[in-house]
Structures are given as structure tokens and as C-alpha cells.
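Encoded as C-alpha cells, the structure appears first; notes follow it.
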Number of protein chains: 2
Amino acid sequence: MSRETVLPPASRPFVGSRAPVTTADGPGLFAACPELIGTPAAYDREEEIFGEGEEAESVYRVMQGAVRTHKVLSDGRRQITGFHLPGDLFGFEPGEAHRHSAEALSGTRVLIFKRRQVERIATHRAEVACQLWSLATRSLRQAQDHMLLLGRRSALERVAAFLLDVDLRLGGTGAFDLPMTRRDIADYLGLTIETVSRTITQLEAEGALLRTGGRKVSLRRGRMHRLVED
Amino acid sequence: MSRETVLPPASRPFVGSRAPVTTADGPGLFAACPELIGTPAAYDREEEIFGEGEEAESVYRVMQGAVRTHKVLSDGRRQITGFHLPGDLFGFEPGEAHRHSAEALSGTRVLIFKRRQVERIATHRAEVACQLWSLATRSLRQAQDHMLLLGRRSALERVAAFLLDVDLRLGGTGAFDLPMTRRDIADYLGLTIETVSRTITQLEAEGALLRTGGRKVSLRRGRMHRLVED
DNA sequence: CGTTTCGTTGAGCGGGGTCAAACGACGTGG
DNA sequence: CCACGTCGTTTGACCCCGCTCAACGAAACG
């Protein structure tokens, strides 16, 4: 698998973190930890970053692009457990092996941290360990919110909630370009691609969004929110 | 709300942890931390331990009995995010307020730890912070497994997987007493009580389990496992 | 251009939901 | 001790949301 081919122009083994990382975990994880410098890497669209069962030797921070993590059943049914956008971390595992697979949704740049090194530092620097803790706790909360969605919400609510969430994480302007396919959305929401498609059509018919070509959408966030209605 | 009325005989504000806590997080969380001694408390069946929105000032460890944590939508739809058996911890939150409710399933004893105190200790004792981290990561993994179940498994698979899981957590003998109602099971599995009931009937008809009165069941674990497959 | 992948739409079906009734295990009071 | 009410569970009848199968349109790519 050739890395770094589809990627935009510019330096490939790029250095430092100049990406607009203003999301999630504040001013950057491990900020208070200069000896922890990630190794930059880049992945093509659909390229696997790690697979289920592989040894979990690294953790990752998205700098640019987007990543999905998922689990699969033996018959192919897939559940995407999370999308990771710039600023997000992923790849932490409690044991020695990954219990997920991870792939890049598009040309994606990440910083790689050695798991052993992170753990070693955490064992003698409480503030780093605390960061890891709060990070994991935040992911846990997200996971629990998603359980409510998967267990108890209708297709319409799922798609509406999803679009609002992506909008928020992408800047909250109400207009954005979906970084994932219908299949990815379906496998995240526990639906089929047909249902996702039909539901988006329905949302457009109800005036809750506008399809503005390709994967671009523009949300009427007021109407959208009324559909989710906590 | 009268605490400690339905509970078995014996001392109510009971002291120490004599319960058979051999589960989950090994030889007891905070074991390496003698200054962290939990305050014992007891709750009746169906009694609320904390509610969504309340200030999250404590974390809890189950010593005896069982606890459920859940989220609800405004129209009453409920998703149980976890059952907590002896040895388990619950009540951690990333923010200041609980984003769940928690109730006792039956007469239940817990140890209460002050969140502030735990956090204070974690900030200067890396090993405690690491324990918290690995705890959260383990919960996260469970949550992700449950997402796969909620998003992609059939009713039969859900119920079978659930029964196998409870069996395992209750000792793995194959015969046990379900500590929760059909409603709780349904709200955990994203089903209705009718579907849970019908599915158990079906499992019995297929010879995968035996109903041995009340909530007692006896699993044919071989057949059961073949239904979950993966 | 043809080919492939992705997205949309339609027709029909079925798994699981809804509504309703009856049953069994308890606990309470006559 | 039994009549009665309550609550949890089971079962039946019916229906609908979302899945399946299939065709077609629209980009992306060689």
C-alpha cells in the first residue's frame, strides 16, 4: 500500500503540527509534555492505519483529513464506532492488541506516538496520565451518547443528529462537505445506505437541509434541531 | 427516599469491604492507595443513586447487588448504558454534571469515593491516574462492543450475547438468576420487552436454554455461542 | 469514451414494534 | 385460608419502519 500519493501538494513527511488543530482536547494533547513529539505520517484515501488483532504499539492524533474506526462481524456486518477529525486522538487500547480497524477517509496526516513511550511517561508524570484519563472519559461519553442513538432513535433522528454533529465538529457554519461515503454513514448509524439516502431526501423535502452538489450540504439548523429534540 | 429498608439483615452502614469482590478491575481499585477509603452506603431496589444533571461529586464501587446506568430522551425512551455488578466502578464523568442516571436493581451496597479527592490524588500520584485511565479505557471498549450489538445484531443475537455475558460476569457456571427485569434487558439491548420475552421463548424452544423458575435460567452454552458467532 | 464506484429511487417483504389480553407470583387484608 | 389487586411476564394479532433486491443516474477514473 503506497502511502502519500493522493495527498495534496506540499511536503509529505511533514514536520511539526501546523494544521489548524483547534478541536476537541483543547490546545493540543501532551502540550505540557515536550519530550513527547509525534512522528508525522500520511495515509491515502481508504488506506488502513491499523487492523483488528494487530499489536497496538502506537496511538494517533489526526492533523488533517479524517479517520474511521470500526469493528466487523465474521459475516461482514460492520459498525463504525467513530469518526476522527483534526485534533482527535484514536488508537488507545486497554490490552496489547487493537480491537478495531482504522482507515483514512481521505488523504490524511497524523502524528504517531509510541504507546510504550506514552505509558512510560504517564507512569511517572501524573498530569499526563490525567490527560489520558480525561481523554478516555470523553470518548466514553461520546460512545454512550451513540448507544442511545443506536438503541432508541429512528432513522430520521439518527441522520439529523449525525449531520448536526458533523457540522459542529467541522466548525458549525451549517454548510460543509461530508468527508465520508453513504456506506460509512450507514455503518456508523446502524442503517443501510438506502435508508440514509432516502432519509436525506426526506430531510431536503421537509426543508431541513439543501444538497449543494456532491457531498456538500447546507443545514437549516433550527428545523434540524427540532427533529432531534432530546 | 428511605435507604436501607428492604436490605437483608445485618449492619446497614456496614464497614469495610468483605464482599466477594473478585471481578473486573483486579484486586480492587485504589488498592495501592490507602488514603482513599470509600464511604459505605446502601440503596433499596429501584432507588436512585444519582440523576442526570446532578452535580457529579462522587464515584461508586459496587460491593453487593447490581446497578444500572441509563440515559433517557424527553419522550421517555430509555437506553441503559451499563449494568454494574460487584467489583465494578461507575459514576465517572468528564464534566461537572452526571450525564446519566443510576439506580440500584436490588438491595445494593456500594463504596462512595469523593470525586474531588480522587482527582486531587490522581494529579500527584501517577499510578492512581494510570489506574483511572485503564479503567476508563476498559469501559470504552465495552461501550464499543455494545455499539456493534446495537447497530448490527438481530434480536436473537442480542439476547443470546446478553445472557452469555451475564453468565460470565456472574461466575460462568451457566446457571444463574437474572438480576434485572425484562424492561431493563429490553432497554439495554434496544428492544421491547415483548421481543425479549419472545426471543427467550424461542431460545428455549431451540434448546439453547432452560427456564428454571422466576428469573433463573440455565444456558446450553455451546448452542448459545453458536448463535452469537463472533 | 467505456468502466467502475457511489448515490438515488422504486417495489415488496419481514423483523420487530404496537396494542391488547391473559397468566402467574406475590403480598395484603378480610 | 382464600379473595383480591399489583406487577412482571408471556402470548397473540396486526402493522409499519427499515431492509432487500433491483434498476437507473451521476460522478470519478482509466
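Each chain gets a letter, A, B and so on, in the order its sequence line appears, and its residues count up from 1. Reckoned from all heavy atoms, side chains included, excluding hydrogens, waters and symmetry mates.
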Check this one for me: any side-chain N or O of A/Arg183 less than 4.0 Å away from OP1 or OP2 of C/dC6? no
May I ask you to verify if any side-chain N or O of A/Arg198 is less than 4.0 angstrom from the OP1 or OP2 atom of D/dC19? no
So which nucleotide from [options] ends up closest to the side chain of [X]?
X        : options               : value
A/Thr192 : D/dT20, D/dG18, C/dT9 : D/dT20
B/Leu191 : C/dG17, C/dT8, D/dT10 : C/dG17
A/Thr201 : D/dT10, C/dT8, D/dC19 : C/dT8
A/Thr195 : C/dG16, C/dT8, D/dC19 : D/dC19
A/Arg215 : D/dT11, D/dG18, C/dG7 : C/dG7

Atom pair distance, as rounded to whole Å: CG in A/Leu105 and P in C/dC6: 13 Å
If each of A/Thr181 and B/Arg158 is mapped to the nucleotide of DNA chain C with the nearest heavy atom, which maps nearer the 5' terminus, i.e. the 5' end? A/Thr181
Need to verify one output field. Residue with the more 5' nearest nucleotide on DNA chain C, A/Glu194 or A/Arg152?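 Residue closer to the 5' terminus by nearest nucleotide: A/Glu194.
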So, A/Arg115 and A/Glu57, do they make that salt bridge, N to O below 4.0 Å?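 Answer for the salt bridge query: no.
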Please classify the nucleic acid contact of [X] as base, sugar-phosphate, or nothing, using heavy-atom distances under 4.0 Å.
X        : value
A/Ile193 : nothing
B/Ile200 : nothing
B/Gly190 : sugar-phosphate

Can you say whether the rings of A/Tyr60 and A/Phe90 are parallel (under 30°), tilted (30 to 60°) or perpendicular (over 60°)? parallel
Look at the rings of A/Phe83 and A/Tyr188 and say which category their plane angle falls in: under 30° parallel, 30 to 60° tilted, over 60° perpendicular.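 Ring orientation, 0 to 90° scale: tilted.
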How about A/Thr181 and A/Arg215: does a side-chain donor come under 3.5 Å of a side-chain acceptor?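 Checked: A/Thr181/A/Arg215 side chains show no N/O donor-acceptor pair below 3.5 Å.
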